[in-house]
Amino acid sequence: MTIETVSFKNSPALRLTLPDGAEAIVLLHGAHVVSWKPDGKTERLYLSDKADFSPGSAIRGGVPVCFPQFSTLGPCAMHGFARTMVWRPGEMETGTDRTTARLELSETPETLSVWPHAFKAVLDVILDAKSLCIRLNVQNTGAAPLTFTSALHTYLRIGNIDDVAITGLEGLTYHDKVTGQENQKETRRELTFAGQTDRIYYKAPKVLTLRDGARLMELHTDNMPDAVIWNPGLERALTIPDLPDDGYQFMVCIEAAAIAQPVRLEAGKSWSGSQILKA
Ligand code: TA6
């Protein structure tokens, strides 16, 4: 098990590896996980060929960390500032069967100008033989309470969107961001895709399953009660400059999120939420 410093698309990154071949890469830019290959060969995350890695950009694909704001629900730019800032490496851990890379972010004059709170965010990327865990910890290091929303905006690589189904959502209430309708009820046992899908499912179960053709992946969450499902479909994809026109066919976002009930932290308190992808 090793963690080495590498350059990924000219961006400083950490590469985690295990003896059985499992590998993950996380950028300092955004603490953005851009690659996960459980067998060392097969990429399980979608990363756009047109993604922009220049400083301050929002990278299309991988796992953007949305913090301290999901979408436009607050004073920050879309999905918050964490995904566009450079995080600093923290303590690393290389055990016998798993490896953890830690990245940290605190307030700067720039963040304070849009979100007036002192904080310490820690993102742990934990790789083991069959799974990848991404855990976000946030501590309120200021003197007053703070609130935030968050999501681990995971872009999963799929064979084709026509062959994909997600189970675990039946019976949940969701907000349909495409139609703007609130309080919709999911009636389907398996969610399949035809055109743009952009939904926030409230109080999702801790395990969702993605079926991609014959392949299954489980997505486990802890303390992130909502689930966002996003695929832009062709029409919306054509309006996204950093996504190839056919990119929507090869990606689906399943995001562990805390949205409906913003997290409130008193001074000195911390919160942790995580998502585990199981190949
Ligand atoms: O999480 C889904 C979503 O909020 C969609 O509405 C969609 O626009 C997407 O995120 C991508 O946002 P971005 O700012 O990365 O283009």
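Numbering of ligands and ligand atoms starts at 1, following listing order.
By the neighbour-count criterion of 12 heavy atoms within 6.0 Å, atom CD of Q184 is densely surrounded, having more than that number from other residues, nucleotides or ligands.
Note: the hydrophobic cluster containing V33 also contains L18 (ILVMFWY, side chain heavy atoms under 4.5 Å, direct or indirect links).
Between H153 and Y155, the angle of the ring planes stays under 30°, which puts this pair in the parallel group of the 30/60° scheme. Using cut-offs of 30° and 60° on the angle between ring planes, the pair F70 and H79 is tilted.
Taking every heavy atom of F70 and a limit of under 4.0 angstrom, the matching atoms of ligand 1 come to 1 (O), 4 (O). When each atom of ligand 1 is checked for a heavy atom of D198 under 4.0 Å away, the hits are 2 (C), 5 (C), 6 (O). Within ligand 1, the atoms closer than 4.0 Å to a non-hydrogen atom of E255 are 1 (O), 2 (C), numbered from 1 in the order shown.
Each of F119, W115, W271, F81 was evaluated against F148; a single residue qualifies, W271, per the ring-ring contact (aromatic ring centres under 6.0 Å, His included) test.
The nearest non-hydrogen atom to atom 10 (O) of ligand 1, considering only K177, M78, H153, R199, comes from H153. Taking each of R83, H79, R236 in turn, the one with a heavy atom nearest to atom 15 (O) of ligand 1 proves to be R83.
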